[in-house]
K.L.:
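Pasting a structure below so you can have a look.
Letters A, B, ... are given to chains in the order of the sequence lines, protein chains preceding strands, and every chain is numbered from 1. Treat the numbers as computed from the prediction; the structure is a model and nothing was measured.
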2 protein chains.
Amino acid sequence: MQIDGVDQRIIALLVADARASYADIGSRVALSAPAVKRRVDRLRAAGVIRGFTAVVEPAAVGWTTESFVELFCTGRTTPAQIAVATRRHPEVIAAYTVSGEADALVHLRAADIAHLEQALERLRAEPFVTSTRSMIVLSRLVDSPTVVPAPS
Amino acid sequence: MQIDGVDQRIIALLVADARASYADIGSRVALSAPAVKRRVDRLRAAGVIRGFTAVVEPAAVGWTTESFVELFCTGRTTPAQIAVATRRHPEVIAAYTVSGEADALVHLRAADIAHLEQALERLRAEPFVTSTRSMIVLSRLVDSPTVVPAPS
DNA sequence: AGTGAAATTCTCCGAAG
DNA sequence: CTTCGGAGAATTTCACT
């Protein structure tokens, strides 16, 4: 899909505040509210904007422990298998196949260390996992939402 | 702050769709629209809800390459130093201090491999970085927004 | 893409538990 | 003292230009 500079500015404004009114966005990009809505609808339909979400402080809802786990898998493991398996665990908030030593990187969030240990144990029990290497998150230093490059 | 089950359900609904109307949320949690707004305002003020953002498909806005970089730092490096340094690079979308072999884990997003290489070079030039280990993301398998535990 | 209007939704202020 | 429901104000959303 073709995205012009106005689209990018609209996206950036929605990333900054997903509940901004169309009229407000329109005033910042010199467009009427209906014109903004049409563009947003088009961007959503095209999958450029996947949705709108509230950014929640995990600690405030009882998730205090975060970790990244590198997965080492058996030779025949497919990305689809890893995807299906990791999606089953509610503690998994993201998972990627990666190049490097490990085969996949899994981002976990748990209530506490005990809960994390449980989740890790379950993950390690997956038949294709040969070993894991964990990094516990001590502190979050940076956490930007997706940055949209400034229109040229 | 005290969060009850209704708050948690409101948070879950907003995570699923940050542009949902207060009236719609209210009908799902058996509350009037004004009552929902009061709660959301309170949750925002308390920092439980940090904000509302659009979820953008990075590839659609020209960011096609993603990677995780483990940072190994000199002995005297403080988390604050790493935070300040990593925040300077626009390619850094997240950074954490971690336990394990590495001192920090940096999540990078770049336009392409060449851009990623540049960003990595700049990151490695930070005076406290002794070495790095990179994982290039091959595919995103799972990408859930923050999951809110179901009210008990 | 803009304009105007109808329907919906937001947000303040008073009322009740 | 906190939480909820109703009325004016703003916003969304549609047809048409």
K.L.:
Could you give the CZ-to-P distance, from B:R38 to D:dT2, as a whole number of Å?
P.N.:
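Computing the B:R38:CZ to D:dT2:P distance gives 10 Å.
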K.L.:
Are any side-chain N or O atoms of A:T86 and backbone N or O atoms of A:I82, one a donor and one an acceptor, separated by less than 3.5 Å?
P.N.:
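Flag set: sc A:T86 to bb A:I82 pair under 3.5 Å.
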K.L.:
At what distance, to the nearest 0.5 angstrom, does CE of A:M1 lie from CZ of A:R42?
P.N.:
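Here the interatomic distance stands at 4.5 Å.
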K.L.:
Check every strand shown and say whether A:R39 touches a base, only sugar-phosphate, or nothing at a heavy-atom separation below 4.0 Å.
P.N.:
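Touches sugar-phosphate only.
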K.L.:
Output, in order, the C-alpha distance, side-chain angles, deciding distance and verdict of side-chain hydrogen bond (donor to acceptor under 3.5 Å, both in side chains) for A:Q118 and A:H89.
P.N.:
CA-CA 11 Å; A:Q118 277 177 33; A:H89 303 275; over 6 Å; no
K.L.:
Applying salt bridge (Lys or Arg N to Asp or Glu O under 4.0 Å), can you list everything that pairs with A:R50, at least two apart in sequence or on another chain?
P.N.:
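Residues passing salt bridge (Lys or Arg N to Asp or Glu O under 4.0 Å) with A:R50: B:E57, B:D143.
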K.L.:
With a 4.0 angstrom cut-off to heavy atoms of chain A, pull out the first and last contacting nucleotide of DNA chain C, in 5'-to-3' order.
P.N.:
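Contact span on the strand: C:dA1 to C:dC10.
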K.L.:
Between the protein and nucleotides 10-13 of chain D, which nitrogen or oxygen pairs are less than 3.5 angstrom apart?
P.N.:
unit_1, atom_1, unit_2, atom_2, d
D:dT12, OP1, A:Y22, N, 3.2
D:dT12, OP2, A:Y22, N, 3.0

K.L.:
Look at the aromatic rings of A:H107 and A:F68 and report parallel, tilted or perpendicular, splitting at 30° and 60°.
P.N.:
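Parallel, since the angle between the ring planes stays under 30°.
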K.L.:
Hey, could you give me the CZ/OG1 distance between A:R140 and B:T97, rounded to the nearest 0.5 Å?
P.N.:
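Result: 11.0 Å between the selected atoms.
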K.L.:
Could you check A:R38, A:K37, A:R44 and say which one makes a salt bridge (charged side-chain N to carboxylate O under 4.0 Å, His left out) with A:D41?
P.N.:
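That would be A:K37.
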K.L.:
Measure the CD-CD distance between B:E101 and B:E70 for me, rounded to the nearest 0.5 Å.
P.N.:
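The CD atom of B:E70 is 7.0 Å from CD of B:E101, to the nearest 0.5 Å.
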